[in-house]
Amino acid sequence: MQYIQDNIWIILLIVNYAVALVTAFFVLLHNRNPSRTLSYFLILIVLPFVGIFVYYFFGQEYRKEKLFDKKKVMSNSILKKWEKRLLVDDTDIEGEKNDIIEKQSKLIKLIQNKPRKPLTYNNKVELLINGNNTFDAIFEALRQAKDHIHLEYYIFSADKIGKQLINILCDKANEGVSVKVMYDYVGNQLKSPNVEQLKSCGVEIHPFMPVWFPNLTRKLNYRDHRKITVIDGIVGFLGGVNISDEYCNGQNDVYWRDTHLKIEGDAVKSLQSQFLLNWSFVTDQEIDIEEKYFPSVNFKANLPIQIVASGPDSRWPYIMEAIFMAINNAQKSIKITTPYFIPNDQILTALKTASRSGVDVQIIIPKEGDSFAAKYATYSYMEELLESGIRVFCYCKGMVHAKTIVIDEQLSSIGTSNMDYRSFNINFEINALLFNDDFGKQMTEMFERDLEDTEELNLEQWRDRALSEKLKESFNRLWAPLL
């Protein structure tokens with residue numbers, strides 16, 4: 001007994017590493033992404049006791065398998081019932097004369113292979129720059145709602161802008177408009193009185209996948225990172241702006257640069273279907289689909305849009321695959337704005353190869369960012385990007401949170417997905433792909449205006465940065481697949 005007491009820490013370490021060895025064996029059997037597997041190995045080795053805790057509480061995928069198998073079955077069952085009522089038919093790409101559509105036909109077909117992701121033509125859009133313009137547009141549209149309002153957000157705060165939204169939703173519910181709100185449990189910042197206020201007005205509100213320790217699991221769970229607003233099945237919004245004063249410039253010390261999109265037309269039906277599928281999963285309700293959810297629009301336009309959604313319930317990382325194919329299809333230019341650049345090997349190789357083949361690749365990232373780990377993990381990729389001829393610009397005016405891509409001034413992407421492993425493989429995300437040169441030029445002009453508030457990285461100067469900076473980058477890159 002005395003021997004055990006004298007050597008308790010040694011015994012505990014032996015037990016720890018014995019358990020870690022068995023754990024590592026099962027991690028290996030899962031055949032995960034090699035980088036992520038190595039990250040877990042590193043945690044188990046260098047963080048005794050803590051590493052096992054992290055893996056067993058947050059790293060195992062049994063929760064994903066059980067929950068999302070159920071969601072997949074439910075979604076497939078509902079989709080079969082909805083198929084004839086979605087009122088969106090697949091477009092015959094081969095018969096189209098549009099040069100952009102012909103150029104991107106493989107990309108379009110790739111997304112169409114995911115059920116209910118058709119290419120739609122009858123659309124018009126408005127590009128919304130920053131939170132102030134976004135909230136003005138959304139609130140104006142909400143006040144015009146006649147039948148239903150559907151909201152799905154990662155962050156819903158109870159601050160000034162959040163309370164303004166709550167009041168609008170209550171007013172519309174009191175008018176008889178059906179209001180459904182879904183918020184991510186981890187990202188949510190609503191308090192119980194706010195939720196009760198909404199419920200007392202007749203608003204249906206539900207959290208997405210509640211967890212026990214939201215503060216601990218903010219970065220280690222499958223979260224609903226989408227920002228979707230659907231009004232009467234005709235008007236829709238998506239992009240990077242959450243419900244928070246943080247996005248309202250003029251109210252905070254940090255300037256927040258973000259991009260959102262307003263859509264009117266048939267593409268809203270795809271947003272609607274994604275909302276309703278998640279709503280069914282969250283509430284365990286089988287939605288009785290009525291034609292009011294997928295109405296015919298009363299105008300004719302010709303802006304092709306395809307909505308692409310992805311998440312841990314899907315077998316394939318659709319958004320990542322779409323970005324990968326779009327990069328490979330680029331002939332002249334690729335312009336990316338992202339708050340976090342922590343790419344997988346496929347995207348990184350595609351970008352470097354595109355640049356070395358003569359495509360002008362430019363990327364805007366934050367100079368500081370809102371996460372120490374993400375900042376230095378992002379910086380760890382800069383040298384190899386610069387060596388490949390990619391131009392990287394650091395946004396100096398504040399925090400750039402926009403998630404946009406424009407390729408050849410023809411294909412544009414706006415949505416919720418960051419350029420990182422978490423968005424590609426772990427979170428629920430949604431992007432809009434727009435195939436239109438006029439809108440592409442508008443996106444390019446926005447990108448070039450943002451360049452005025454950046455400083456460009458120089459390869460030689462970057463190589464001369466302090467050793468301490470390089471060490472921070474290398475250390476945080478080790479955890480990149482887990483960020």
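The minimum heavy-atom distance between G240 and Y247, with the atom names listed, is O-CE2, 3.7 Å. Contact detail for I243 and I161: the closest heavy-atom pair is C-CG2, 4.2 Å. In terms of heavy-atom proximity, I336 sits nearest to F447 at O-CE1, 3.5 Å. Between I327 and A354, the shortest heavy-atom contact is CG2-CB, 4.2 Å. Closest heavy-atom contact between G440 and S412: CA-OG, 3.7 Å. Heavy-atom minimum distance, V282 versus M182: CG2-SD, 3.5 Å.
Once rounded to the nearest 0.5 Å, the distance linking NE2 of H225 with OH of Y153 reads 12.5 Å. Between the CG atom in L119 and the CG atom in L433 there is a gap of 9.5 Å [rounded to 0.5 Å]. From T229, atom OG1 reaches atom CG of L165 across 8.0 Å, with rounding to the nearest 0.5 Å. The OH atom of Y395 sits 14.5 Å away from atom OG1 of T338, with the distance rounded to the nearest 0.5 Å. How far CD1 of I323 is from OG of S413: 5.5 Å, rounded to the nearest 0.5 Å. Taking NZ of K335 as the start and CG of D408 as the end, the distance is 10.0 Å to the nearest 0.5 Å.
Looking only at distances, no side-chain donor or acceptor of R226 sits under 3.5 Å from a matching main-chain atom of L238. No donor-acceptor pair closer than 3.5 Å links the side chain of H260 to the backbone N or O of I129. Proximity of a side-chain donor or acceptor of N427 to a complementary backbone N or O of F424 within less than 3.5 Å is not detected. Checked by atom type and distance alone, the side chain of T349 never pairs as donor or acceptor with a backbone atom of Q346 at under 3.5 Å. When atom types are taken as modelled, the side chain of S244 and the backbone of E246 share a donor-acceptor pair closer than 3.5 angstrom. D184 contributes a side-chain N or O that, together with a main-chain N or O of G187, makes up a donor-acceptor pair within less than 3.5 Å. In this structure a side-chain-to-backbone donor-acceptor pair under 3.5 Å is missing from S388 to R356. The main-chain N or O of G239 is never found under 3.5 Å from a side-chain atom of T416 such that the two would form a donor-acceptor pair. Judged by distance alone, with hydrogens and angles left aside, the side-chain atoms of T353 form no donor-acceptor pair with the main-chain N or O of A350 at under 3.5 Å. Although no hydrogens or angles enter the test, the distance criterion places no donor-acceptor pair under 3.5 Å between the side chain of D453 and the main chain of C396.
Put simply, the side chain of P366 reaches to within 4.5 Å of the side chain of V400, judged on heavy atoms. In this structure, I101 and I108 have side chains that are in contact, with non-hydrogen atoms separated by less than 4.5 Å. For the pair F237 and L271, the minimum side-chain heavy-atom distance is 4.5 Å or more. In this structure, N425 and P312 have side chains that are not in contact, with every pair of non-hydrogen atoms separated by 4.5 Å or more. With a 4.5 Å cut-off on side-chain heavy atoms, M320 and N344 count as touching. When side chains are defined from C-beta on, L303 does not count as touching F435, because their heavy atoms never get closer than 4.5 Å. Looking at heavy atoms from C-beta onward, E321 lies in side-chain contact with L110 at the 4.5 angstrom threshold. Counting heavy atoms from C-beta on, the side chains of W462 and N458 never come closer than 4.5 Å.
Exactly one residue among I234, V230, N123 makes a side-chain contact (heavy atoms from CB on, under 4.5 Å) with V268. That residue is V230.
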**Q.** Test side-chain contact (heavy atoms from CB on, under 4.5 Å) applied to I430 and I307, step by step
**A.** CA-CA 7 Å; I430 192 162; I307 302 296; 3.6 Å; yes

Q | Stepwise side-chain contact (heavy atoms from CB on, under 4.5 Å) check, E152 with D224 | A | CA-CA 8 Å; E152 179 176 355; D224 185 3; 2.6 Å; yes

**Q.** Working for side-chain contact (heavy atoms from CB on, under 4.5 Å), residues Q189 and I155
**A.** CA-CA 7 Å; Q189 297 175 16; I155 295 175; 3.9 Å; yes

(Q) Under the criterion side-chain contact (heavy atoms from CB on, under 4.5 Å), I'd like the reasoning laid out for Y185 against M209: C-alpha separation, chi angles, the key distance, then a yes or no. (A) CA-CA 6 Å; Y185 189 86; M209 285 179 57; 6.0 Å; no

Q: Run the numbers on E140 and K262 for salt bridge (charged side-chain N to carboxylate O under 4.0 Å, His left out), then give the verdict.
A: CA-CA 12 Å; E140 180 182 358; K262 177 183 179 182; over 6 Å; no

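For the 3.5 Å distance criterion, the side chains of S417 and N431 fail to qualify, holding no donor opposite an acceptor. Between the side chains of N329 and Q104, at least one donor N or O sits under 3.5 Å from an acceptor N or O. No hydrogens or angles considered: nothing links the side chains of S380 and E473 as a donor-acceptor pair under 3.5 Å. Side-chain contact annotation: S310 with E429, donor-acceptor N/O pair under 3.5 Å absent. A donor-acceptor contact under 3.5 angstrom links the side chains of Q362 and D360, judged on distance only. Side-chain N/O atoms of N436 and Q410 include no donor and acceptor closer than 3.5 Å.
Ring planes of F372 and Y376: tilted class, angle from 30 to 60°. Between W256 and H401, the angle of the ring planes lies from 30° to 60°, which puts this pair in the tilted group.
For K472, the NZ atom counts as densely surrounded, since its 6.0 Å shell holds more than 12 non-hydrogen atoms of other residues, nucleotides or ligands.
Between Y183 and Y154, the distance separating the two ring centers is not shorter than 6.0 angstrom.
Cation-pi check for K397 over Y255 is met; the charged atom lies under 6.0 angstrom from the ring centroid and within 45 degrees of its normal.
Residues R463 and E460 are paired through a salt bridge, judged by an N-O separation under 4.0 Å between the basic side chain and the carboxylate.
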